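Remember, it's a predicted structure, so these values are computed and weren't measured experimentally. Residue numbers start from 1 in every chain, and the chains themselves are labelled A, B, ... in the order their sequence lines are given, proteins ahead of strands.
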Amino acid sequence: QKEVEQNSGPLSVPEGAIASLNCTYSDRGSQSFFWYRQYSGKSPELIMFIYSNGDKEDGRFTAQLNKASQYVSLLIRDSQPSDSATYLCAVRNSWGKLQFGAGTQVVVTP
Amino acid sequence: GAVVSQHPSRVICKSGTSVKIECRSLDFQATTMFWYRQFPKQSLMLMATSNEGSKATYEQGVEKDKFLINHASLTLSTLTVTSAHPEDSSFYICSALPGTSSSYNEQFFGPGTRLTVL
């Protein structure tokens, strides 16, 4: 079982719609959760982090965390073509190491 | 936000040669730096954790004699790929943790180094 799992996609989203990305993790002791965006050939850039159960909103992005279900998600509202990228879920596990999922490719179609 | 630089951004070398990659935190001190490797269409895989002034901790399956890591100061860590072979061709990315490491600290990533071994 992988420590962090994501659907690889591609997730095709019409421009202006909501993109919903999911991530599950195996280590119940994990304390912090991150969403990164990675464009092809570039390094990851942080979009959001979340530590507490519930929702956290930042602009068009909303992260949701449910520790009981070991589930974290990212919603992208009003999707734009520039949002087309691979989105990486990362979890800092109980050993303090940041573990990455394989990433979900998002394609926003005009 | 904090800035991490990597040099070089791209390197092509012949098989059997060694390549050094530098990772610098430009506006903060990083007690801990991390080295990742990413193959095409795959996620980032942690290779090693580098702490200033001490030996690096390598992940399982990563050869410490092949991937030499030096973290000589609070702003610089280097990764040397010794006797590189074509299978070492990958995207190498470093990241840095500012100050005292805790579970809630954000890691800042460098822009990555594309290594191609012919």
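- When the shell of 6.0 Å around CE of A/Met48 is examined, it contains more than 12 heavy atoms from other residues, nucleotides or ligands.
- Contact annotation for A/Gln38: only side-chain heavy atoms (C-beta onward) come within less than 4.5 Å of a heavy atom of chain B.
- Atom NZ of B/Lys66 sits in a crowded spot, with more than 12 heavy atoms from other residues, nucleotides or ligands closer than 6.0 Å.
- Counting non-hydrogen atoms of neighbouring residues, nucleotides and ligands closer than 6.0 angstrom, the CG atom of A/Asn7 reaches no more than 12 such neighbours.
- Among B/Gln6, B/Arg114, B/Glu59, the residue making the largest number of heavy-atom pairs under 4.5 Å with chain A is B/Glu59.
- Expressed to the nearest 0.5 Å, how far CD of B/Gln107 lies from NZ of A/Lys97 amounts to 12.0 Å.
- Of the two parts of B/Gln38, only the side chain, counted from C-beta on, holds a non-hydrogen atom closer than 4.5 Å to a non-hydrogen atom of chain A.
- Side-chain atoms of A/Leu98 and B/Ser95, non-hydrogen and from C-beta on, never get closer than 4.5 Å to each other.
- B/Met45 and A/Phe34 are not part of a single hydrophobic cluster, where members link through side-chain heavy atoms under 4.5 Å apart.
- Nearest heavy atom pair, residue A/Ser43 against residue B/Phe109, reads OG-CB, 4.3 Å.
- By the neighbour-count criterion of 12 heavy atoms within 6.0 Å, atom CZ of A/Arg77 is densely surrounded, having more than that number from other residues, nucleotides or ligands.
- Within the 4.5 angstrom heavy-atom criterion, no atom of A/Phe33 approaches chain B.
- Side-chain contact between B/Leu44 and A/Leu88 is present, with at least one heavy-atom pair separated by less than 4.5 Å.
- B/Val19 and B/Leu68 fall into different hydrophobic clusters, where Ile, Leu, Val, Met, Phe, Trp and Tyr residues are linked whenever their side-chain heavy atoms come under 4.5 Å apart, directly or through other members.
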